[in-house]
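Just so it is clear: chains get the letters A, B, ... in the order the sequence lines come, proteins before strands, and each one is counted from 1.
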Number of protein chains: 2
Amino acid sequence: MGNASQSVKTKKAPEIMEASKPDTATRIQDVAERLFVEHGFEATSLRMITQQAEVNLAAVNYHFGSKDALFESVFMRRLAPLISGCLAELDELEQQGGKLEVEELVKTFIRPCLALSKDPSRGGALFVRLLSRTLVENHRQLREVISQQYSVFVQRYSVAFHKALPELGAEELAWRMHFAFSVMFNAFAGNDVLKIFVRSQVVSARDPDMIVKHLVPFVVAGLTSPA
Amino acid sequence: MGNASQSVKTKKAPEIMEASKPDTATRIQDVAERLFVEHGFEATSLRMITQQAEVNLAAVNYHFGSKDALFESVFMRRLAPLISGCLAELDELEQQGGKLEVEELVKTFIRPCLALSKDPSRGGALFVRLLSRTLVENHRQLREVISQQYSVFVQRYSVAFHKALPELGAEELAWRMHFAFSVMFNAFAGNDVLKIFVRSQVVSARDPDMIVKHLVPFVVAGLTSPA
DNA sequence: TTAGTATTTATATGTTTGTTTGAAACGGCA
DNA sequence: TGCCGTTTCAAACAAACATATAAATACTAA
């Protein structure tokens, strides 16, 4: 009997793959990721997921244990590598010494986001949108898991920004980081507030490179503006 | 029989109000507004609403016709005055002549948002949070209604910002406005991305005046940074 | 091939959803 | 008072929901 609460099995890919579909569990994750983004967690039923993934309804509970556990699995699958990528860039930047430039610091966050956005095999920009939905809906249990594992992420950036902007007080810096990450997240997620009001906006071209080109100067200007 | 599709009745307040509850319809709107913010549209059941509003389940369909119509009603009740407020400020600023300063332009948007955030009788910051949820969940029909009625809002600000920042091209300006409104909306909505990762952030103090104090310089710096 | 496990399937349970209904209660006006 | 339009009420509806279970199938190791 398939033990429910265990995490997704690491399974050898079949030797002979006649351009076949991925794992059942992976297929579920892929479809769930997209549907959670489109409809939100609570509005996405297991029936929608299993039908589109072309698996049996019970497969979700078999492989993941529950709908909640599926969500956590879908979420962590993308979050962990993204955070690792940012921290790796941060390590590299800090180790190469010299003055810590704000722009370079911003780019240590933006580059992994950009790479993710351009990689369809990792869901492209889907995860950033999922993140922004998760931010708005608040999954308490998920928040706990995240904050337990990744609080170092914010701490590292706080320290780094403090070094790069030593003239700012702690509170002022916290506000600016709050604003900066807010813009960046929403830019990658494609949350265009103005698009509610007008049908087609110039910005609607979703080319990630274009986002970055305009995003970096905006954020850096906000962060470095005189206190 | 209470005609469903008509909008909420404008009803004279009872002459003698012994500190009584508001209208049934208003009570429903107030509770729905809060619950839509907390749980999202689809995850908020009519039973949750009617129980907390202490009205009968059928009252929603009687007064508003459907759950969708209730949402539209809840949304428009706040949006219309907010937009009007912004446009009024914009009119005043433009009529007083002189060079159009970016900071003043930004404040024509921020002041009505701030006023709304500080007015509990209009739901305080609730609506901005509702707006940011609605942005992420996409109600197609609501989007249509909004864009039909309020596309002038974006057009007016586009023209004004073009005057205030004549050195910027149309595309560059669109991007910056996109970022600027994104920060402002999320700031008022209290969407703190970093709060996912760390339990208590310095920014967590939600004083609207504090938000504005730090928000304006950040946004203005981003908007006016050299091209 | 066979034994045993891993996975998939069909089916069932009990709950909750939005909406509808017909009757009861209310409130102003004759 | 008695009437009548407006509002509230309890009950019921089918549809969709998450989850559980046992049988059926696919697969692997011996």
Side-chain angles (χ1 to χ4, degrees), chain A residues 1-18 20-29 31-32 35-36 39-74 139 141, chain B residues 1-18 20-29 31-32 35-36 39-74 139 141:
Chain A
M1 197 186 158
N3 193 333
S5 64
Q6 77 188 62
S7 58
V8 187
K9 288 100 191 149
T10 55
K11 190 188 193 179
K12 276 199 300 180
E15 305 280 338
I16 304 167
M17 297 222 347
E18 19 100 346
S20 67
K21 310 171 191 169
D23 241 1
T24 296
T26 307
R27 212 130 33 94
I28 291 174
Q29 285 180 313
V31 172
L35 290 180
F36 285 154
H39 303 98
F41 174 74
E42 308 208 47
T44 302
S45 72
L46 293 185
R47 281 171 172 78
M48 293 165 63
I49 297 173
T50 53
Q51 277 171 22
Q52 294 198 25
E54 298 179 85
V55 302
N56 189 270
L57 172 60
V60 170
N61 278 280
Y62 174 75
H63 285 281
F64 300 94
S66 70
K67 191 187 174 187
D68 283 284
L70 168 63
F71 183 77
E72 190 176 318
S73 156
V74 165
H139 281 259
Q141 57 175 49
Chain B
M1 193 184 161
N3 193 332
S5 64
Q6 79 189 61
S7 58
V8 187
K9 289 99 191 153
T10 54
K11 191 184 193 179
K12 274 200 298 182
E15 306 279 340
I16 303 166
M17 298 227 338
E18 18 101 345
S20 66
K21 310 173 194 172
D23 239 2
T24 296
T26 307
R27 212 131 32 93
I28 292 175
Q29 286 180 312
V31 172
L35 290 180
F36 285 155
H39 302 100
F41 175 74
E42 308 207 48
T44 303
S45 71
L46 292 184
R47 284 169 175 81
M48 291 165 63
I49 297 173
T50 52
Q51 277 171 21
Q52 293 198 27
E54 297 178 85
V55 302
N56 188 271
L57 172 61
V60 170
N61 278 279
Y62 174 76
H63 283 282
F64 299 95
S66 69
K67 191 188 175 187
D68 283 282
L70 168 62
F71 182 76
E72 189 176 318
S73 156
V74 165
H139 281 259
Q141 57 177 46

Closest nucleotide among [options] to the [X] side chain:
X: His63(A); options: dT7(C), dT7(D), dG18(C); value: dT7(C)
X: Ser66(A); options: dA11(D), dT19(D), dA10(C); value: dT19(D)
X: Ser45(B); options: dT19(D), dT20(C), dT17(C); value: dT17(C)
X: Lys67(B); options: dG18(C), dT7(C), dT8(D); value: dG18(C)

* Asked: What is the nucleic acid contact for Ala59(B), judged by heavy atoms within less than 4.0 Å: base, sugar-phosphate only, or nothing?
  ->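 No contact.
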
* Asked: When all nucleic acid strands are considered with a 4.0 Å heavy-atom cut-off, which category describes Thr44(B): base, sugar-phosphate, or nothing?
  ->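 Sugar-phosphate only.
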
Mind calculating the distance between [atom1] ([X]) and [atom2] ([N]) to the nearest angstrom?
X: Leu46(A); N: dT15(C); atom1: CG; atom2: P; value: 19 Å
X: Asp23(A); N: dT8(C); atom1: CG; atom2: C1'; value: 13 Å
X: Ile49(B); N: dT17(C); atom1: CD1; atom2: P; value: 11 Å
X: Glu42(A); N: dT15(C); atom1: CD; atom2: C1'; value: 16 Å
X: Ile28(A); N: dA18(D); atom1: CD1; atom2: P; value: 13 Å
X: Arg27(B); N: dT8(D); atom1: CZ; atom2: P; value: 8 Å
X: Leu35(B); N: dG18(C); atom1: CG; atom2: P; value: 12 Å
X: Phe41(A); N: dA18(D); atom1: CZ; atom2: C1'; value: 10 Å

* Asked: Want to settle it: does Ala43(A) or Asn56(B) sit nearer the 5' end of DNA chain D, counting the closest nucleotide to each?
  ->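 Its nucleotide being nearer the 5' end, the pick is Asn56(B).
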
* **Test side-chain hydrogen bond (donor to acceptor under 3.5 Å, both in side chains) applied to Gln52(A) - qualifying residues, sequence neighbours left out** =>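 With sequence neighbours excluded, Gln52(A) shows a side-chain hydrogen bond (donor to acceptor under 3.5 Å, both in side chains) to Arg34(A), given in chain and number order.
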
* Angle class for the Phe71(A)/His139(A) ring planes (parallel below 30°, perpendicular above 60°, tilted otherwise)? ->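 Ring orientation of Phe71(A) relative to His139(A): parallel.
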
* Assign each of Arg47(A) and Ala58(A) to its nearest nucleotide of DNA chain C by heavy atoms, then name whichever residue's nucleotide is nearer the 5' end. =>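 Here Ala58(A) is the residue nearer the 5' end.
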
* Going from CG on Leu46(A) to CD1 on Ile28(A), what distance comes out if it is rounded to the nearest 0.5 angstrom? ->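 Answer rounded to 0.5 Å: 9.0 Å.
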
* Phosphate-side-chain proximity, Thr24(A) and dT8(C), N/O vs OP1/OP2 below 4.0 Å ->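 Yes.
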
* Asked: When you look at Val60(B) and Lys67(B), which way does the side chain to side chain contact (heavy atoms under 4.5 Å, CB included) test go after all the steps?
  -> CA-CA 7 Å; Val60(B) 170; Lys67(B) 191 188 175 187; 5.5 Å; no

* Can you check whether Ala25(A)'s main-chain N or O pairs, donor with acceptor, with Asp23(A)'s side chain at less than 3.5 Å? ->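 Not confirmed, Asp23(A) side chain does not pair with Ala25(A) backbone.
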
